[in-house]
Amino acid sequence: MRAAFAALSGLIAGFSALAVAELVAAVIRPEAGPITAVGGAVIDRTPPALKDFAVRNFGTNDKLVLELSILVLLAGFAVVVGVLALRHRVTGSAAVLVFGVVGAVAAVGRPEGRLADALPSVVGAVLAAGVLYLLVGRLAPAPGPSPAAGGRGGEPSSGTFDRRGFVIAASAAAAASAGAGLLGRRLTSAVQAGATASRHDLVLPVPASAAPAVPAGADLKIRGLGSFITPNKSFYRVDTALVVPRIDANDWRLRIHGKGVERPVTLSFKDLLRREIIERDITLTCVSNEVGGPYVGNARWIGVRLADLLREAGVKPPSRGGPANQIITRSVDGMTIGTPVETVMDGRDAMLALGMNGEPLPFDHGFPVRMVVPGLYGYVSACKWMKDIELTTFDDYDAYWVKRSWSQQAPIKTESRIDTPRPFASPKPGTIPVAGVAWAQHRGISRVEVRVDGGPWHPARLAAEDSRDTWRQWVWEWPATSGNHTLEVRATDRTGATQTDQRVGTVPNGATGWHSVVVNVS
């Protein structure tokens, strides 16, 4: 029984550590909390193959799974320490400090870490050590019966202790910890209220260069086929942020500096709003998108041309004698993304985006400002929550993902996907629409073909093209017969290149292969 109460003491101490750490992090910054710091450190050190496994199997819930895993490990550690403290009270209590050391090192060691980030973990661990020491003290055996009662006076009884005192102390510690955690949540919400208000109050300017209306016929409106424009709530999110940054647009600043920058500049959000605003439909793709995967989406973006900002700062592309060939963009969460200068300045609609599908950027997608570059995978182009642009070279600096075995440069590959019928569907014989999307951003799609059971390729009917920077829907009317069948699709871009059938994974610069779907017509 005492061992069970000791384990409970460890859990309460662990809960106290997290709650108090959250309260302190609310004062410093939410990203300094131990769960966030440790989770971020785990993500930073995760091999690409394991990262792809997490994205493939857990999707946008990968961060939730990571946080739950950390909590389970922490709970196990707390139980062990609690039982240890039952026999070695000081040693067990001191072991709680290990939690603080791990959290502090993880927080300070993050790319955006600073010394103050160690405080939440340290304060939480010190308090938790005290809580455990006090609770285990309540588990000390009560003195045995006196000699007059027939026992040997002064000897401890192996099973009796002050249960009432323990319950009172444990309840008080748990209640105080819950209060600290709740206060921390409220403080964090208060701090983030300014960011929420700045987004709510933002009225996007009318673009000087508006996107053309989506042409009639661009959206085939086939059941099972997603809409041409992906709603914000459905747009994929793949990043490393366990806590989504919430930045007040009124406080936001962007610095442009580095090699070849003749006139370094710092811009505010209002500075961007006063500039020429453009609006474009652009399809984004994540490099972690496997063949047939969901991490691709099309949106209408509004923002400022990045090339214009660079030219005004005196930047020249390498083709015109500029010394820098790489743009490093930095996010407030420490992410670094490297983008070719030449690509950004070659005339495409690379932008600092302020809005998405007619509203200010959602926090999940980078509010107040993110980068969008047509034709490049997100890990080399789509920095969210950005705060800094540095001009450098690929030889001088490796961005975050390049340090983790991904390629320095990564143009999006020509790919296609079958959306309907779904895998293992059981349609009836007859004419069945086989439909999906194809993409080759900044090159465009010229042809899509479908085949059944390895037979001849059949040309699909293409939807109207919005622009070469967006995906394109397609459909083929299949005269389906009974039996199990395998459908395959391939696309050809406007350069004449047809996607390869060679199946490779996402590392180091994007997956290739034909998407296939098995159905049972019956």
Side-chain angles (χ1 to χ4, degrees), residues 52 56 217-220 222 224-226 228 230 236 283-298 374-377 410-425 427 431-481 483-521:
D52 264 10
R56 181 171 61 252
D219 194 331
L220 296 176
I222 295 173
L225 178 60
F228 177 75
T230 308
Y236 76 90
T283 297
L284 299 188
T285 308
C286 180
V287 74
S288 294
N289 197 49
E290 293 195 325
V291 173
Y295 302 121
V296 55
N298 187 48
L376 301 181
Y377 285 115
I412 293 173
K413 298 175 180 178
T414 302
E415 285 294 323
S416 54
R417 185 182 73 196
I418 299 172
D419 286 347
T420 183
R422 306 295 293 175
F424 309 113
T431 301
I432 298 172
V434 180
V437 288
W439 59 91
Q441 289 93 310
H442 209 60
R443 299 186 302 280
I445 294 294
S446 63
R447 185 169 70 251
V448 172
E449 299 166 290
V450 183
R451 71 176 181 179
V452 183
D453 299 330
W457 290 101
H458 304 277
R461 176 170 63 87
L462 292 175
E465 184 179 60
D466 183 358
S467 80
R468 60 179 180 169
D469 289 335
T470 64
W471 60 11
R472 200 167 182 183
Q473 296 184 351
W474 56 267
V475 61
W476 175 61
E477 301 295 339
W478 174 33
T481 57
N484 289 319
H485 300 285
T486 299
L487 303 169
E488 292 176 294
V489 62
R490 69 180 184 184
T492 301
D493 63 37
R494 291 199 177 279
T495 70
T498 299
Q499 70 179 97
T500 177
D501 64 337
Q502 184 178 359
R503 200 68 175 256
V504 300
T506 58
V507 182
N509 53 22
T512 64
W514 296 338
H515 186 214
S516 62
V517 171
V518 175
V519 296
N520 179 24
V521 180

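- Here the CZ-NZ distance, from R443 to K413, works out to 10.5 Å after rounding to the nearest 0.5 Å.
- For the residue pair T495/D493, the side-chain donor-acceptor check at 3.5 Å is satisfied.
- Residues Q499 and T512 form no side-chain contact, since every pair of their non-hydrogen atoms from C-beta on lies 4.5 Å or further apart.
- Using cut-offs of 30° and 60° for the angle between ring planes, the H458 and W476 rings count as parallel.
- A distance of 13.5 Å separates CZ of R494 from NE2 of H442, quoted to the nearest 0.5 Å.
- R461 places a side-chain heavy atom less than 4.5 Å from the side chain of L220.
- The minimum heavy-atom distance between V517 and P421, with the atom names listed, is CG1-O, 3.6 Å.
- Counting only distance, with no hydrogens or angles, the side chain of R472 and the backbone of A463 share a donor-acceptor pair below 3.5 Å.
- Here OG1 of T486 is found 10.0 Å from CZ of R451. Values are rounded to the nearest 0.5 Å.
- With hydrogens and angles disregarded, no donor-acceptor distance shorter than 3.5 Å links the side chain of N298 to the backbone of W471.
- Of all heavy-atom pairs between A491 and V448, the closest is CB-CG2, 4.2 Å.
- Between the CZ atom in R468 and the OG atom in S446 there is a gap of 13.5 Å [rounded to 0.5 Å].
- Considering all non-hydrogen atoms of both residues, V287 and G510 come closest at CG2-N, 3.4 Å.
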*Audit row: E449, R447, salt bridge (charged side-chain N to carboxylate O under 4.0 Å, His left out) steps and yes/no*: CA-CA 7 Å; E449 299 166 290; R447 185 169 70 251; 3.7 Å; yes

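- T283 places a side-chain heavy atom less than 4.5 Å from the side chain of V296.
- Here the OG atom belonging to S416 is positioned 10.5 Å from the CD atom belonging to E488, to the nearest 0.5 angstrom.
- Without hydrogens or angle criteria, D501 side chain to G513 main chain gives no donor-acceptor distance under 3.5 Å.
- At a threshold of 4.5 Å between non-hydrogen side-chain atoms, the residues W474 and I418 count as touching.
- Environment of CZ in R503: crowded, with over 12 heavy atoms of neighbouring residues, nucleotides or ligands closer than 6.0 Å.
- Residues L284 and Y236 are in side-chain contact: their nearest non-hydrogen atoms beyond the backbone lie under 4.5 Å apart.
- For the pair V519 and P427, the tightest heavy-atom approach, listed with the atom from each and the gap, is CB-CD, 4.4 Å.
- Residues I445 and T414 meet the side-chain proximity criterion, which asks for heavy atoms closer than 4.5 Å.
- With Y377 contributing its side chain and S288 its backbone, the two residues share no donor-acceptor pair below 3.5 Å.
- Checking side-chain atoms of T431 against main-chain N and O of E477 turns up no donor-acceptor pair under 3.5 Å.
- Within the model, atoms CG of L225 and CZ of R417 stand 8.5 Å from one another, a figure rounded to the nearest 0.5 Å.
- Two residues are said to be in side-chain contact when any heavy atoms from C-beta on lie closer than 4.5 Å; I412 and W439 meet this criterion.
- Using a 4.5 Å heavy-atom threshold, the side chains of N289 and P294 count as touching.
- The minimum heavy-atom distance linking L376 with P411 is given by the pair CD2-CA, 3.9 Å.
- Closest approach of D419 to G226, counting heavy atoms only: OD2-N, 4.2 Å.
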